[in-house]
Number of protein chains: 2
Amino acid sequence: MPATQKTSRGRPRKSEAEEAALRARVIEVARDLFARGGYEGVSMRRVAEATGCSAGQLYTLFGGKRDLLRHIWEDAFSELADRLREASAERDPLRRLRALGDAWCRYWLANPDHYRSIFLIEDRVSEPGERYFVETSESLGALDLIAEAVSQSMEARLLAPGDEALVSQLFLCGLQGVVFNLITIPEFPWTAKEQMAARMITALIGGLSPD
Amino acid sequence: MPATQKTSRGRPRKSEAEEAALRARVIEVARDLFARGGYEGVSMRRVAEATGCSAGQLYTLFGGKRDLLRHIWEDAFSELADRLREASAERDPLRRLRALGDAWCRYWLANPDHYRSIFLIEDRVSEPGERYFVETSESLGALDLIAEAVSQSMEARLLAPGDEALVSQLFLCGLQGVVFNLITIPEFPWTAKEQMAARMITALIGGLSPD
DNA sequence: ATATTTTTATGAACGTGTTCAATTAATTCA
DNA sequence: TGAATTAATTGAACACGTTCATAAAAATAT
């Protein structure tokens, strides 16, 4: 008794391509709606209506509203990836590190809505099976580039030798903190919104330099 | 024509004290429910039922579910304030700075649910009238203590003289970034969860030290 | 007492994300 | 041409946060 029967009896499964096409169409429609009305301002019912399917069907294509949003941002991330690639062109590892951090911050500060949607909307985080959203996206891909720059900086004795992973994570945390605070507490009288990212990088590089 | 008439005609206003008492009762009841079921897991209807009033009335006492939560945490914050006060006992400004940062991080990492509730649940941020929640609470009160320690460290030439407000904010951002990342991306293989805060502080102090 | 007036309290109603039994569609076997 | 079977799709239903017209309550004025 073969587990998979070659010729099945009932209605055939929708082809992979068909499903992908429909998914793509929903994403396209939803992108426009979200861009206009914001995440909270657009309901799944509206997305469904605009797409021409039922709200229920959306849940066969996406895990939920948040998951739909992830797919929407997925190619918006390519822009961030581009910026990071540009920054990676810098040969000097320490200057590259600075350029990477700068690009990362600049991107998120220029797109606070993306940032909020991705980092600040908490749904049940504890889905054990699937990996955390941010990790799979281009966002933490920055960490790899940072780690490389850190590693090379250590080799060139531009940074004190040490646990390169930890140091990389410290850089990411520092940048994250700047961006997070600037975006989520915009009405606070931050001393220098534009310079904070650069100052953070400078401070961290200074603090991690060899004596 | 006096604006406030001494003896009014209709039903008398509920006394300030009565309203405060009811509010306090709701907070007490809701604290238990939230502690058990979590923020998402408890509905306003349930809170109302457990309190013995209607759901609608809750909205005369609190601005909404989030606002109710704020009141609940308000005295939970006193614990953080205590820790910060303890840390402030340290005389050496640089060691005090380190102790403050450490206490701040330790508190939030020990209470990730508080952190999430306060920093990660975004509702309409753009309420022009009322100040941002975090700013009014004890949370950013830490910034004042940090600023004082930074200022004194600069005077004692333990930190390079400079814009003390900016430097204080960099410290806060660095700490915030560490806590934020550890809490929101717990499944990421962080190299050293426990040491990251201390390392961040060390790095920042090092980077901001006089040459 | 009854009417008036002012405040408080209620509960139905709205739109939300999400689920799931029931329906419809599309195929193969008899 | 019918069953039979399997998958896709729907739409009613649920609990949610929140609002608001309406009802109840509590006082004074007649």
Side-chain angles (χ1 to χ4, degrees), chain A residues 2-23 25-26 30 33-34 37-72 117 121-125 127, chain B residues 2-23 25-26 30 33-34 37-72 117 121-125 127:
Chain A
T4 62
Q5 45 212 118
K6 267 287 149 33
T7 62
S8 56
R9 273 242 293 155
R11 176 177 179 165
R13 270 221 161 82
K14 203 160 46 172
S15 80
E16 202 93 7
E18 266 175 317
E19 183 160 325
L22 180 52
R23 222 192 300 264
R25 209 157 62 78
V26 173
L33 292 180
F34 280 135
Y39 180 73
E40 312 275 345
V42 178
S43 69
M44 292 297 264
R45 286 174 176 81
R46 262 199 69 71
V47 173
E49 184 192 29
T51 312
C53 68
S54 73
Q57 191 174 8
L58 293 182
Y59 288 80
T60 70
L61 300 169
F62 305 94
K65 192 181 184 184
R66 180 78 200 289
D67 185 53
L68 170 55
L69 192 67
R70 157 168 49 162
H71 281 81
I72 290 176
S117 308
I121 299 177
E122 75 162 356
D123 36 18
R124 44 182 153 276
V125 179
E127 286 286 352
Chain B
T4 63
Q5 45 212 112
K6 268 286 146 38
T7 62
S8 57
R9 278 247 283 165
R11 176 176 178 166
R13 269 224 160 81
K14 203 160 48 172
S15 82
E16 204 92 6
E18 268 175 315
E19 183 160 326
L22 179 53
R23 221 192 300 264
R25 210 158 61 78
V26 172
L33 292 179
F34 279 133
Y39 181 73
E40 312 275 346
V42 178
S43 69
M44 291 298 265
R45 285 173 176 84
R46 263 197 69 72
V47 172
E49 185 192 27
T51 311
C53 69
S54 72
Q57 192 175 6
L58 292 182
Y59 288 81
T60 70
L61 300 170
F62 305 95
K65 192 181 183 185
R66 180 77 200 287
D67 185 54
L68 170 55
L69 193 67
R70 156 167 49 164
H71 282 79
I72 290 176
S117 307
I121 297 178
E122 75 162 357
D123 36 18
R124 48 182 152 274
V125 179
E127 286 286 352

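Below, read A as the first sequence line, B as the second, and so on, with proteins coming before strands; counting in each chain starts at 1. Keep in mind the model is a prediction, meaning the values are calculated, not measured.
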Problem set entry | Interatomic distance where CZ belongs to B:R11 and C1' belongs to D:dA27 [whole Å] |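 Value for this atom pair: 9 Å.
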Problem set entry | All side-chain contact (heavy atoms from CB on, under 4.5 Å) counterparts of B:E16, not counting sequence neighbours | none
Exercise. Is there a side chain to side chain contact (heavy atoms under 4.5 Å, CB included) between A:L68 and A:M44 once you walk through the steps?
Worked result: CA-CA 10 Å; A:L68 170 55; A:M44 292 297 264; 4.2 Å; yes
For this session: With sequence neighbours excluded, tell me which residues meet side-chain hydrogen bond (donor to acceptor under 3.5 Å, both in side chains) with B:E19.
Result: B:R23
Exercise. Can you list the residues that meet the side-chain hydrogen bond (donor to acceptor under 3.5 Å, both in side chains) rule with B:R25, with sequence neighbours excluded?
Worked result: none
Exercise. In Å, rounded to the nearest 0.5 Å, how long is the span from CZ of B:F34 to CD1 of B:I72?
Worked result: 4.5 Å
For this session: Please list, by residue number, the residues of residues 13-21 of chain A whose heavy atoms come closer than 4.0 Å to an atom of DNA chain C; answer none if no residue qualifies.
Result: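 None - not one residue of the stretch has a heavy atom sitting under 4.0 Å from the strand.
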Problem set entry | Stretch residues 47-64 of chain B: residues that reach within less than 4.0 Å of DNA chain C through a heavy atom |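 Going residue by residue through residues 47-64 of chain B, the ones with a heavy atom under 4.0 Å of DNA chain C turn out to be B:S54, B:G56, B:Q57.
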Side-chain polar contacts of residues 50-65 of chain A - donor-acceptor pairs under 3.5 angstrom, sequence neighbours left out - could you list them?
residue, atom, partner, partner atom, Å
A:T51, OG1, A:V47, O, 2.6
A:S54, OG, A:Q57, N, 3.2
A:T60, OG1, A:Q57, O, 2.6
A:K65, NZ, A:Y39, O, 2.8
A:K65, NZ, A:V42, O, 2.8

Exercise. If you take all heavy atoms of B:D67 and B:R70, which pair is closest and at what distance?
Worked result: OD1-NH2, 2.8 Å
Exercise. How would you list, by chain and number, every residue that makes a salt bridge (charged side-chain N to carboxylate O under 4.0 Å, His left out) with A:R46, sequence neighbours excluded?
Worked result: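 Once residues adjacent in sequence are excluded, the partners of A:R46 under the salt bridge (charged side-chain N to carboxylate O under 4.0 Å, His left out) criterion are A:E49.
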For this session: Five pairs at each end of the helix from C:dA1-D:dT30 to C:dA30-D:dT1: take the axis at both ends and give me the angle between them to 10°.
Result: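 For the helix from C:dA1-D:dT30 to C:dA30-D:dT1, the axes at either end differ by 50°.
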Could you write out each protein N or O paired with an N or O of nucleotides 13-16 of chain C at a distance under 3.5 Å?
residue, atom, partner, partner atom, Å
C:dA13, N6, B:R45, NH2, 3.3
C:dT16, OP1, A:S43, OG, 3.4

